[in-house]
Amino acid sequence: HFGVQREPFFMSLSNEDGTALIESMVQFRNNSAPELSHDRHLLASLVEVDPFNDRSRLFDLTTIQAEQKGLEPAEFRSLWLDHFLTRVIGPLLDLGSLGHVYFGAHLQNIILDMKDGLPQGGCFRDCHGAGFSMKGYEAYKEQVPSLDPANGNILTDQQLQMLFGY
């Protein structure tokens, strides 16, 4: 299970002339799975190192889960990585290679759905970095009238390589 989170609206304060004060802009996001809120984790928050103990939440989580399951931490971490690659990264790569839709999926944009300390799937947020290959454009331009090369999100192979590296 891997999804894309909707981002319904923005708001900001206005200047005297009615234009938006960009620095005051706020984005509101829907919680796409409120029933999972207790077991959803922003990937960036999981891997950020705590300056007070020099460990990440992911390190602590995998250590605790390994102990609870009677496994060595390295063994559980290998299992965690396998779940992450197959259930989170795999669907993102499939979407690009099979669907020709690409996302700038960095740590702040991936939300993990976890169960028993293991990734079960996830959600991508912040579609501003999304793009389509030329094959994607050709495949979807009839169904998505707003898909236009002038928008800047129809990407060349070189641009897709840069996005992938990001």
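Side chains included, hydrogens not; waters and symmetry mates left out as well; all remaining heavy atoms used.
- The two atoms that bring Phe132 and Val101 nearest to each other are CE2-CG2, 3.6 Å, heavy atoms only.
- Interatomic distance, NZ of Lys135 versus CG of Leu160, reported as 11.0 Å (0.5 Å rounding).
- Taking both residues in full, the closest heavy atoms of Pro91 and Thr86 are given as CD-O, 3.5 Å, listed atom of the first, atom of the second, then distance.
- For Ser24 (side chain) and Leu13 (main-chain N/O), a donor-acceptor pair under 3.5 Å exists by modelled atom type.
- Looking at every heavy atom in both residues, Ala66 comes nearest to Pro73 through CB-CA, 3.7 Å.
- Here CE of Met134 is found 9.5 Å from OG1 of Thr156. Values are rounded to the nearest 0.5 Å.
- Side-chain contact between Leu58 and Trp80 is present, with at least one heavy-atom pair separated by less than 4.5 Å.
- Applying the side chain to side chain donor-acceptor pair (under 3.5 Å) test to pairs two or more places apart or on separate chains, those with a residue in residues 46-56 are Arg55-Asp60.
- Phe84 and Ile64 fall into different hydrophobic clusters, where Ile, Leu, Val, Met, Phe, Trp and Tyr residues are linked whenever their side-chain heavy atoms come under 4.5 Å apart, directly or through other members.
- In terms of modelled atom types and a separation under 3.5 Å, the side chain of Asn15 and the main chain of Asp17 share no donor-acceptor contact.
- Taking every heavy atom of both residues into account, Cys123 and Arg40 meet most closely at CB-NH2, 3.4 Å.
- Ser78 places no side-chain N or O within donor-acceptor distance of the main-chain N or O of Ala74, the cut-off being under 3.5 Å.
- Summarising the geometry, atom CG belonging to Leu155 is positioned 8.5 Å from atom OG belonging to Ser133; distances are rounded to the nearest 0.5 Å.
- Note that the CG atom of Asp148 and the CD1 atom of Ile154 stand 7.5 Å from one another [nearest 0.5 Å].
- For the pair Leu147 and Asn153, the minimum side-chain heavy-atom distance is below 4.5 Å.
- Panel note: side chain Tyr140, backbone His100; no donor-acceptor pair is recorded below 3.5 Å.
- At a threshold of 4.5 Å between side-chain heavy atoms, the hydrophobic network of Ile, Leu, Val, Met, Phe, Trp and Tyr places Leu43 and Val49 in two separate groups.
- Here the closest non-hydrogen pair linking Thr63 and Arg77 is OG1-NH2, 2.6 Å.
- In this structure, the separation between CD on Gln120 and CG on Leu118 is 6.0 Å, given to the nearest 0.5 Å.
- Tracing side-chain contacts under 4.5 Å through hydrophobic residues (I, L, V, M, F, W, Y), one never reaches Leu71 starting from Phe59; they form parts of separate clusters.
- Atom CG of Leu46 sits about 11.5 Å away from atom CD1 of Ile110, to the nearest 0.5 Å.
- Residues Leu81 and Leu79 share a single hydrophobic cluster, defined by chaining ILVMFWY side chains whose heavy atoms lie under 4.5 Å apart.
- Shortest non-hydrogen contact noted between His41 and Met114 is CD2-CG, 3.3 Å.
- Asn109 places none of its side-chain heavy atoms less than 4.5 Å from the side chain of Phe103.
- In Lys69, the NZ atom is crowded: over 12 heavy atoms of neighbouring residues, nucleotides or ligands sit closer than 6.0 Å.
- Side chain of Tyr102 to main chain of Gly96: a donor-acceptor pair is present (N/O by atom type, distance under 3.5 Å, no hydrogens or angles).
- Within a 6.0 Å sphere centred on CD of Gln143, heavy atoms belonging to other residues, nucleotides or ligands number more than 12.
- Enclosure of atom CG in Asn151 by more than 12 non-hydrogen atoms of other residues, nucleotides or ligands within 6.0 angstrom is indicated.
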